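Encoded as structure tokens, the structure appears first; notes follow it.
Computed from a predicted model, the values in this text were never measured in an experiment.
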There are 2 protein chains.
Amino acid sequence: MYTIGQLSKKTGVTVRTLDYYDEIGLIKPSSKTEGGHRLYMDNDVMTLERVLALKYMGFSLEKMKDVLNESTSTWQQSIQHQLEMVQREQDRLKTLEQALTGISYAIEFEGEINWSMIFGTIRLFQQAPEDALQQYKGYLSDEEMRKIMDINAGMSEDDIAEWTGIIHDIKNNLEIDPGSEKAQQLAERWMNQADNMFEQDEELLSDMWEALQNLKEGIAFYPMDQDVINFIERALTIKYAHREVKK
Amino acid sequence: MYTIGQLSKKTGVTVRTLDYYDEIGLIKPSSKTEGGHRLYMDNDVMTLERVLALKYMGFSLEKMKDVLNESTSTWQQSIQHQLEMVQREQDRLKTLEQALTGISYAIEFEGEINWSMIFGTIRLFQQAPEDALQQYKGYLSDEEMRKIMDINAGMSEDDIAEWTGIIHDIKNNLEIDPGSEKAQQLAERWMNQADNMFEQDEELLSDMWEALQNLKEGIAFYPMDQDVINFIERALTIKYAHREVKK
DNA sequence: TGTTGAATCGCACGTAACGTGTTGTTATAT
DNA sequence: ATATAACAACACGTTACGTGCGATTCAACA
């Protein structure tokens, strides 16, 4: 038999919280003094412990009222719902983390806040990955799109830093001669990272590259406008022509 | 030059939201009609787009007021703070997911809601992983504790299902003869899963096992009380004695 | 039994980011 | 000039409590 203050000390829950749980009918003390002071019995303490457990699991107080009186099968349903919510939220946070990382590197490389890059990055991540790849329909097969989604989801912080860095460097050198050594280096750096991401899958890379060349808004991993794509294309064309001649 | 309704249609933000942003001073229209109707200029539209970007990044409206006027360096700080928050939240959700998964399997195996198992699971996951392992201090080295933390964090759903299932089955057979075939099978199943989790690291497994035997409240992966530990110990003792004889 | 100090009750307002609804006013189309 | 649409301004609701507030009630002491 505890007063509200004693129960509060025992469990670490504030008096106001217990007051509130009483108010909304979640934990009503089984007894009261003549003067109206609340008296909590072991029964109520048990309910409180269960409420705290459900709270940790992320249930709302309103749902607890239902769940606490429900059968085992409904419990399973509720827990599965919670699990799905937790997983969806994790996915959301994961893509948000990638977006924030990309933005952070972009600001670091450029030394100032590039809003159009931020908008592009967010547009890229905001839509579901499937939708983001819809623009590639016709260029890539369903399986290829799924592969790219997986690659994208598994991108490490270093990958993000490298992509952001390359694209930034290329943007700063759009006007240089595509045949110059610097342009060649930049294009090769891009290719290296692309190879790195696609691992062995040369076919996937070339399909993706073809799609990029034909699309007006080329977005791969990070916002990459037509300027950048054209630059890389010109540089690579010269590079391979060069190699042919050497052969 | 947009009225509030036109801006709403253009951006998909509700009129009430724009009203609210005006009210709290986040986006004040740069012009008004004689009658007091709000007129948003391109300037304001830009601010709104930035606000939406920051919203996606998880900033509060209050912080946006500061951030929108700040310099690049403070921006980096704010983004880093957001990143840390996102990562902490991901960690929290990951352990919550494990806890929910374990509870779900326990309910499925037992066919009813076992509150003491739920409390045990939550106690195990609620505290930071470092704290949870403090009880093993003296039995395990710092490096071993870190290894266990990693193993724990990487536990798959199948692992959780198997642990929960084994412990449940053992609890239901506490009174059978440790030398009986069923007891031997249960103990072996436990050992298999333990080997599986610890991979090659036999030393780590035996250190952990020694710790479990000496602790009053043995908790490894899932709440496992002394009964269960004793059962496994007795069964394994007989098993190895048996093997010695065979040799 | 009276008194005092601590505990408690019940109430109200505040939080974040709006949704919903109402009343009164302004803008626009006819 | 009038009908109708759009708008401003306000209020209350949402979630899970925190933070007071004055008015009891309890427990202990005299």
_Pair A/Gln90, B/Gln90 - check side chain to side chain donor-acceptor pair (under 3.5 Å), show working._
CA-CA 6 Å; A/Gln90 273 182 287; B/Gln90 273 182 285; over 6 Å; no
*Which residues within residues 34-51 of chain A lie with some heavy atom under 4.0 Å of an atom in DNA chain C?*
A/Gly36, A/His37, A/Arg38
*List in numerical order all residues of residues 57-69 of chain B for which some heavy atom is under 4.0 Å away from an atom belonging to DNA chain C.*
B/Ser60, B/Leu61
May I ask you to evaluate whether [X] reaches the phosphate of [N], defined as a side-chain N or O under 4.0 Å from OP1 or OP2?
X: A/Tyr21; N: D/dC17; value: yes
X: B/Thr17; N: C/dA17; value: no
X: A/Thr14; N: D/dG18; value: yes
X: A/Lys32; N: D/dC26; value: no
X: A/Thr33; N: D/dT25; value: no

What is the distance, to the nearest angstrom, from the [atom1] atom on [X] to the [atom2] atom on [N]?
X: A/Ile24; N: D/dC17; atom1: CD1; atom2: P; answer: 8 Å
X: A/Arg16; N: D/dC21; atom1: CZ; atom2: P; answer: 16 Å
X: B/Lys55; N: C/dA17; atom1: NZ; atom2: C1'; answer: 8 Å
X: B/Glu23; N: C/dG19; atom1: CD; atom2: P; answer: 13 Å
X: B/Ile27; N: C/dC18; atom1: CD1; atom2: P; answer: 10 Å
X: A/Leu26; N: D/dA16; atom1: CG; atom2: C1'; answer: 11 Å
X: A/Tyr20; N: D/dT19; atom1: OH; atom2: C1'; answer: 16 Å
X: A/Lys9; N: C/dA6; atom1: NZ; atom2: P; answer: 12 Å

Under a 4.0 Å N-O cut-off, is there an ion pair linking [X] with [Y]?
X: B/Lys147; Y: B/Glu144; answer: no
X: A/Glu89; Y: A/Arg92; answer: yes
X: B/Asp91; Y: B/Lys94; answer: no
X: B/Asp227; Y: B/Lys171; answer: no
X: A/Asp44; Y: A/Lys28; answer: no

_For B/Glu62, I'd like to know if atom CD has over 12 heavy atoms of other residues, nucleotides or ligands within 6.0 Å._
no
*Enclosure of B/Lys65 NZ (heavy-atom neighbours >12, cutoff 6.0 Å)*: yes
*Less than 4.5 Å apart, any side-chain heavy atom of A/Asp159 and any of A/Asn196?*
yes
*Pick from B/Leu7, B/Asp19, B/Thr3: which one makes a side-chain contact (heavy atoms from CB on, under 4.5 Å) with B/Arg38?*
B/Asp19
Measure all distances between protein nitrogen or oxygen atoms and nitrogen or oxygen atoms of nucleotides 28-30 of chain C, and list the pairs falling under 3.5 Å.
none

_Between B/Glu157 (side chain only) and B/Thr101 (backbone N and O only), is there a donor and an acceptor less than 3.5 Å apart?_
no
*Might you work through the side chain to side chain contact (heavy atoms under 4.5 Å, CB included) test for A/Trp75 and A/Val67, ending with a clear yes or no?*
CA-CA 7 Å; A/Trp75 254 83; A/Val67 167; 3.6 Å; yes
